[in-house]
Amino acid sequence: MRQPGVLSRLADRLRRWRDGLIADPGFQARATAFPLTRGIANRQGAALYDLVAGFVYSQVLLACVELDLFRRLRAGPLDAQTLARGTPLDAERMARLAQAAAALDLMRVRPGGRYGLGPLGAALLGAPGVEEMVRHHPMFYRDLADPLALFTAPRDSTEIARFWSYVGERGVGHEDAAAYSRLMAASQAMVAAETLAVHPMRDVSVLMDVGGGEGAFLSAALRATPGLRGIVFDLPPVVARARAAMDLAGLSDRTRVAGGSFLEDPLPDGADAVSLVRVLYDHDTPSVRRILAACLAALPPGGRLILSEPMSGGDHPTRAGDAYFGLYTAAMTSGQPRSAETHIALLREAGFSEARLLSARQPFITRVIVARRPAR
Ligand SMILES: CC(C)=CCC/C(C)=C/CC/C(C)=C/C=C/C(C)=C/C=C/C=C(C)/C=C/C=C(C)/C=C/C=C(C)/C=C/CC(C)(C)O
Ligand SMILES: C[S@@+](CC[C@H](N)C(=O)[O-])C[C@H]1O[C@@H](n2cnc3c(N)ncnc32)[C@H](O)[C@@H]1O
């Protein structure tokens, strides 16, 4: 390993000195008292406060979602008495919840003791899938109640792992498939919009969406791209639902549906592009290698692989990629978010070329990498 240079050693010493100061209660008190440093001290203090309180904020959001308050406020502000009607809360407790929601920008206090939508409550109404994610979080939070146990949880011992019961090689029953596919499809709209915005499918003839669930991503791609045809590949009980969904969307004449396991079966051929949307982060690296090998084998020379999922920021960790999905995949007891650099290395090792990360519009929703099967 290369030794750090003089500048990097100096920067390390400066950082240690700065961290020592910040960790000193006396320094914190002086920085808060001194008008020129008060702003910085308060920003750090407030950021730490938010981390300490985080779960409470999330539960305020969950209470609002469960009582469907944002939808009820869509038509205009209401007082706590009216808002409490039809809920188990009395007016006084509803006001307490609404005050908390207003502090978090989910609601706004309006004149006359009424509460209206806040910017984040309104954004939630326009971001399909977010509510469904919020509603499934109690399950994740039960696994998170002991975060240290979470990191060492035996395979499939957590609630989240049992819910997403398809991962691994033991297959899935029809009821499980219905529950997870619904949640997956609900969050897919945002992922599809971001993926297709950064990588339109204009020059693709046949797109095969591998691990394509109910076909939500393929449907979005087909709707956005006249002339495009597609294949959805997933486990047999899942593709049964994909077939019905494509019929319902009126897209079955442009779609072929194929069932099988990408860990065991060859993928159908006939596609000049393959997409893997939120598939690899569910799996451990040996399975990822098998999936990439299967995709390469299914593509013609020059064919394209489009990889879209939340990614680790690597040396620049991100809240979505490293904090949320790092722990989410820990709760799954398999898989992990990988950085763009790690994906690109795995793609090269599998035989792909020209792998590159595309720039994102909403990186907290997904990141996209494109690679090619070499032309010869
Ligand atoms: C109009 C005026 C006056 C001003 C305009 C000002 C302006 C520009 C306002 C912006 C308003 C606006 C357009 C806001 C948009 C907000 C959006 C789009 C918010 C989107 C939020 C998305 C979120 C929070 C997504 C969360 C997704 C999650 C948590 C997904 C989780 C997925 C999981 C857990 C999947 C697990 C699958 C497994 C099993 C691991 O593979
Ligand atoms: C996290 S979901 C993503 C679904 C969809 N691409 C999306 O983004 O909404 C992972 C998908 O991979 C599928 N899958 C898991 N193991 C599989 C396997 N061995 N063979 C084929 N598909 C599999 C699951 O059924 C599921 O639909």
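Numbering of ligands and ligand atoms starts at 1, following listing order.
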My understanding is that we take every heavy atom of each candidate and find the minimum distance to [atom]. Doing that for [options], which one comes out nearest?
| atom | options | result |
| --- | --- | --- |
| atom 20 (N) of ligand 2 | F262, Y281, W164 | F262 |
| atom 16 (C) of ligand 1 | P119, A123, G129 | A123 |
| atom 5 (C) of ligand 2 | G211, S187, S287, A242 | G211 |

Quick one: do I365 and M133 end up in the same hydrophobic cluster if we chain Ile, Leu, Val, Met, Phe, Trp and Tyr together by side-chain heavy atoms under 4.5 Å apart?
no
What are the atoms of ligand 1, with element, lying closer than 4.0 Å to any heavy atom of [X]?
| X | value |
| --- | --- |
| M190 | 22 (C), 25 (C) |
| M332 | 39 (C) |
| Q362 | 18 (C) |

Non-hydrogen atom of [X] closer than 4.0 Å to ligand 1:
| X | answer |
| --- | --- |
| E309 | no |
| D282 | yes |
| F325 | yes |

* Using heavy atoms and a threshold below 4.0 Å, how should the contact between D282 and ligand 2 be classified: side chain, backbone, both, or neither? ->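 Contact part for D282 vs ligand 2: side chain (C-beta onward).
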Ligand 1 to Y328 polar contact by distance, N or O atoms, under 3.5 Å:
no
Just which atoms of ligand 2 are under 4.0 Å from any heavy atom in [X]?
| X | result |
| --- | --- |
| G213 | 27 (O) |
| G260 | 20 (N), 21 (C) |
| V238 | 25 (O) |

- prompt: Which heavy atom of A91 sits nearest a heavy atom of A80, and at what distance?
  reply: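 Closest pair (atom of A91, atom of A80, distance): O-CB, 3.6 Å.
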_Taking distance alone, with N or O pairs closer than 3.5 Å, would you say Q188 contacts ligand 2?_
yes
Using ring pair (Phe, Tyr, Trp, His ring centres under 6.0 Å) as the criterion, point out the one residue from F55, Y324, F163 that pairs with H137.
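Running ring pair (Phe, Tyr, Trp, His ring centres under 6.0 Å) over F55, Y324, F163 with H137 returns exactly one hit, Y324.
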Item to complete: Could you verify whether a donor N or O on one side chain and an acceptor N or O on the other, from D284 and S334, lie under 3.5 Å apart?
Response: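 No, S334 and D284 have no side-chain donor paired with an acceptor closer than 3.5 Å.
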- Query: Are side-chain N/O atoms of S308 and T195 paired as donor and acceptor at under 3.5 Å?
  - Reply: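 Yes, T195 and S308 have a side-chain donor paired with an acceptor closer than 3.5 Å.
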message = Is it the case that atom CD in E349 sees more than 12 heavy atoms from other parts of the structure closer than 6.0 Å?
response = yes
Using side-chain heavy atoms (C-beta onward) and a distance below 4.5 Å, is E214 in contact with L248?
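With C-beta onward as the side chain, the pair stays apart.
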